[in-house]
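One structure is given below, encoded as structure tokens.
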Amino acid sequence: MKFFVDTADVSEISAMAQTGLLDGVTTNPSLIAKSGRKMAEVIAEICALTTGPVSAEVTATDYETMLAEGRYLRGIATNVCVKVPLTEAGLRTCRALADDGTLVNVTLCFSAVQALLAAKAGAAFISPFVGRLDDIGQDGMTLIADIVQIYRNYGFATEILVASGRHPVHVLAAAKLGAHVATMAPSTIRALFKHPLTERGLEAFLADWKKTGQSIL
Ligand code: E4P
């Protein structure tokens, strides 16, 4: 399973890249706004920190402008993945960009039939938002299970990028279902490392080691 970090904070991305566990980055207009930086500048910096795909989202809603924005964004670096919303114009843009060899991430997916459309439009990634579905009392993971089944039925190459994941249980459930990618806030990635028994066990080992008076080096 690939791990993407969902942020436009360059220092966080740099720290995540150093773990050796980072496979890519996702951003969205809200995350770019939070960074307080110029989009082209921050995307270029992020692209230099990872060889994996870096999702940069268009902000127009009509086909012609989305396509122009997508072409501009992909020109920033070879690992830019253009993100488009799951609308009719967005999927038309997806098809046009994919036909030109551009990686496209179709975002704001909340139903399995939407995911089917994105795959037919040539998306490299589909981003179902599990946390936002959970927030309104629906089960985000049921959506992931449905998409996994549909994509397997037809052999689509589109990767399922589980987005809006809020905690390690989302990652566990997505991995058990065979989703290709999970994108997470840096705090969620850090939470994956933690277990109270790991911390307690390490404390006990180090206390016993200290009693020996030895040092390895
Ligand atoms: C994914 O690409 C989105 O940027 C992100 O996962 C949205 O997450 P949120 O629902 O926590 O804003």
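What you are looking at is a predicted structure, and each value in this text was computed from that prediction instead of being measured. Just so you know, these numbers use all the heavy atoms, side chains as well, and skip hydrogens, waters and symmetry mates. As the structure lists them, so they are numbered: ligands from 1, and atoms in each ligand from 1.
Using modelled atom types, no side-chain atom of Glu12 and backbone atom of Thr7 make a donor-acceptor pair closer than 3.5 Å. For the pair Asn79 (side chain) and Cys47 (backbone), a donor-acceptor distance under 3.5 Å is present.
Close contacts between ligand 1 and Lys83 involve ligand atoms 1 (C), 2 (O), 3 (C), 4 (O) [criterion: under 4.0 Å to a heavy atom]. Atoms of ligand 1 lying under 4.0 Å from at least one heavy atom of Arg132, given by number and element, are 7 (C), 9 (P), 10 (O), 12 (O). For ligand 1, the atoms sitting less than 4.0 Å from at least one non-hydrogen atom of Asn28 are 3 (C), 4 (O), numbered in the order shown with element in parentheses. For ligand 1, the atoms closer than 4.0 angstrom to any heavy atom of Ala163 are 1 (C), 6 (O).
Residues Arg166 and Asp134 are not paired through a salt bridge, judged by the lack of any N-O separation under 4.0 Å between the basic side chain and the carboxylate. Under 4.0 Å is where a charged nitrogen must lie from a carboxylate oxygen, and between Asp208 and Lys211 at least one such pair does.
Classified by interplanar angle (parallel below 30°, tilted 30° to 60°, perpendicular above 60°), the ring pair His167/His170 is parallel.
When hydrogens are left out, the protein atom nearest atom 8 (O) of ligand 1 is Ser164 CA, 3.4 Å; that is the closest non-hydrogen contact. For atom 7 (C) of ligand 1, the closest heavy atom belonging to the protein is Phe129 CE2, 3.6 Å.
Using 4.0 Å as the threshold, Asp6 has a heavy atom nearer than that to some atom of ligand 1.
More than 12 heavy atoms of other residues, nucleotides or ligands sit less than 6.0 Å from atom CD of Glu199.
Under 3.5 Å, the side chains of Thr188 and Arg190 contain no donor-acceptor pair of N or O atoms.
Backbone and side-chain nitrogen or oxygen atoms of Arg166 are examined, and one is located within less than 3.5 angstrom of a nitrogen or oxygen of ligand 1.
Contacts of Ser127 with ligand 1, taken as heavy-atom pairs under 4.0 Å, are absent altogether.
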